[in-house]
There are 2 protein chains.
Amino acid sequence: MGITKNHIFDEYQNETANITKVLGHPARIAIIQHISQHEYCNCNDLVEATGLAQPTVSQHLSEIKKIHLLTQKHQGKNIFYAIDLDVLNQYRRKINDFFVKIQVNCQK
Amino acid sequence: MGITKNHIFDEYQNETANITKVLGHPARIAIIQHISQHEYCNCNDLVEATGLAQPTVSQHLSEIKKIHLLTQKHQGKNIFYAIDLDVLNQYRRKINDFFVKIQVNCQK
DNA sequence: TATCTTTATTGTAATATCACGTTATCACAA
DNA sequence: TTGTGATAACGTGATATTACAATAAAGATA
């Protein structure tokens with residue numbers, strides 16, 4: 001049905017999948033990379049960098065925003081995006097811990 | 001179009017997204033967890049553990065197999081699945097490095 | 001005010017994904 | 001060889017995702 005049965009999985013499983021799902025598209029990986037490499041990065045920069053149309057980039061940005069990985073600063077007509085480092089680090093640990101737990105379980 | 005323009009992204013971006021995409025569904029997180037916790041785990045165990053139908057579990061297993069995260073041992077009519085720890089660890093480092101690189105870029 | 005820039009929203013077409021019933025396959029057992 | 005149990009493959013319906021054109025909204029600037 002294209003519809004995920006979230007209710008049959010626990011919070012940890014859903015949260016983990018929500019984060020990795022957002023990272024599960026090369027355009028979003030590229031967007032996150034580009035923002036991290038350019039201090040004042042707006043939507044047009046990302047359109048140029050990725051080669052995708054502006055609405056497509058905007059859509060991907062909104063997915064990334066949903067998990068609070070981005071901050072935005074309005075400056076005139078521009079919106080400059082940046083990575084929320086606290087959130088990034090939290091997710092880094094969360095995903096790494098997932099892998100480590102799997103590994104530890106296997107070795108019992 | 002529901003179709004990802006993989007060709008406009010580089011190998012690193014596509015590879016990273018391919019891994020996280022597979023982890024981007026709670027059923028697959030649950031399946032990986034369950035396999036790691038049970039030494040002799042077959043498809044029926046996963047059907048019971050997740051509450052999903054057998055074909056659905058089989059489909060998710062095949063997604064996880066595509067990135068070589070699983071090994072399988074045929075034993076009579078059973079197939080016992082296990083995590084490939086080398087691949088797991090490789091992916092753990094790859095994803096963690098992605099996060100770290102983003103973090104480092106931001107701090108320049 | 002009128003216009004330009006930048007970004008978000010809306011609408012839509014094409015494709016992918018999720019879930020499962022049904023069927024096929026394959027190993028073993030009676 | 002017939003049946004049973006386990007898994008994969010096939011087919012299909014429902015929903016989600018990806019991508020973009022067109023449009024709207026909101027802030028500059030002439």
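Hydrogens, waters and symmetry mates are skipped; everything else that's a heavy atom, side chains included, is used. So that the names make sense, note that chain A is the first sequence line, chain B the second, and so on, each numbered from 1.
Going from atom CG of A:N78 over to atom C1' of C:dT5 covers 8 Å, rounded to whole Å. Between A:E63 atom CD and C:dA8 atom C1' there is a gap of 14 Å when expressed in whole angstrom units. Nucleotide D:dT17 holds its C1' atom 15 Å from the NZ atom of B:K5, rounded to whole Å. Between the CD1 atom of A:I79 and the C1' atom of C:dT9 there is a distance of 13 Å, rounded to whole Å.
Side-chain atoms of A:N89 and A:R92 form a donor-acceptor pair, as typed in the model, at a separation below 3.5 Å.
Between B:K108 and A:E39, no side-chain nitrogen of the basic residue sits less than 4.0 Å from a carboxylate oxygen of the acidic one, so the salt-bridge criterion is not met.
With sequence neighbours excluded, no residue forms a ring pair (Phe, Tyr, Trp, His ring centres under 6.0 Å) with B:Y91. For the ring pair (Phe, Tyr, Trp, His ring centres under 6.0 Å) test, no residue two or more places apart in sequence or in another chain qualifies with B:Y12. With sequence neighbours excluded, no residue forms a side-chain hydrogen bond (donor to acceptor under 3.5 Å, both in side chains) with A:K5. Residues satisfying the ring pair (Phe, Tyr, Trp, His ring centres under 6.0 Å) test with A:H38, not counting sequence neighbours, are A:H34.
The side-chain contact (heavy atoms from CB on, under 4.5 Å) with B:C106 is formed by just one residue from the set A:D84, A:L88, A:L85, A:I35; it is A:L85.
Along DNA chain D, the nucleotide nearest B:N6 and the nucleotide nearest B:L61 are compared for position; the residue whose nucleotide lies closer to the 5' end is B:L61.
Put simply, the side chain of B:T50 gets close to the backbone of B:L52: a donor and an acceptor are under 3.5 Å apart.
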Base versus backbone protein contacts along nucleotides 22-30 of chain D [heavy-atom cut-off under 4.0 Å; B, S, -]: B----SS--
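If you check residues 23-53 of chain B against DNA chain D, the residues with a heavy atom closer than 4.0 Å are B:N42, B:C43, B:N44, listed by number.
Residue B:T4 is classed as a sugar-phosphate contact, given heavy-atom separations below 4.0 Å to backbone atoms only. Among the heavy atoms of the strands lying under 4.0 Å from B:H60 are primed sugar atoms or P, OP1, OP2 only; no base atom is included. Among the protein residues, B:F80 comes within range of no part of the nucleic acid, since none of its heavy atoms lies under 4.0 Å from any strand.
Judged by atom type and distance alone, B:Q59 reaches the base of C:dA19 through a side-chain donor-acceptor pair under 3.5 Å.
Between B:S58 and the phosphate of D:dT7, there is no side-chain N or O to OP1/OP2 separation shorter than 4.0 Å. An OP1 or OP2 oxygen of D:dA16 is reached within less than 4.0 angstrom by no side-chain nitrogen or oxygen of A:K21. Here B:Y81 reaches the OP1 or OP2 of D:dA8: one of its side-chain N or O atoms lies under 4.0 Å away.
A tilted orientation is assigned to the rings of A:H25 and A:H60, their planes being inclined by 30° to 60°.
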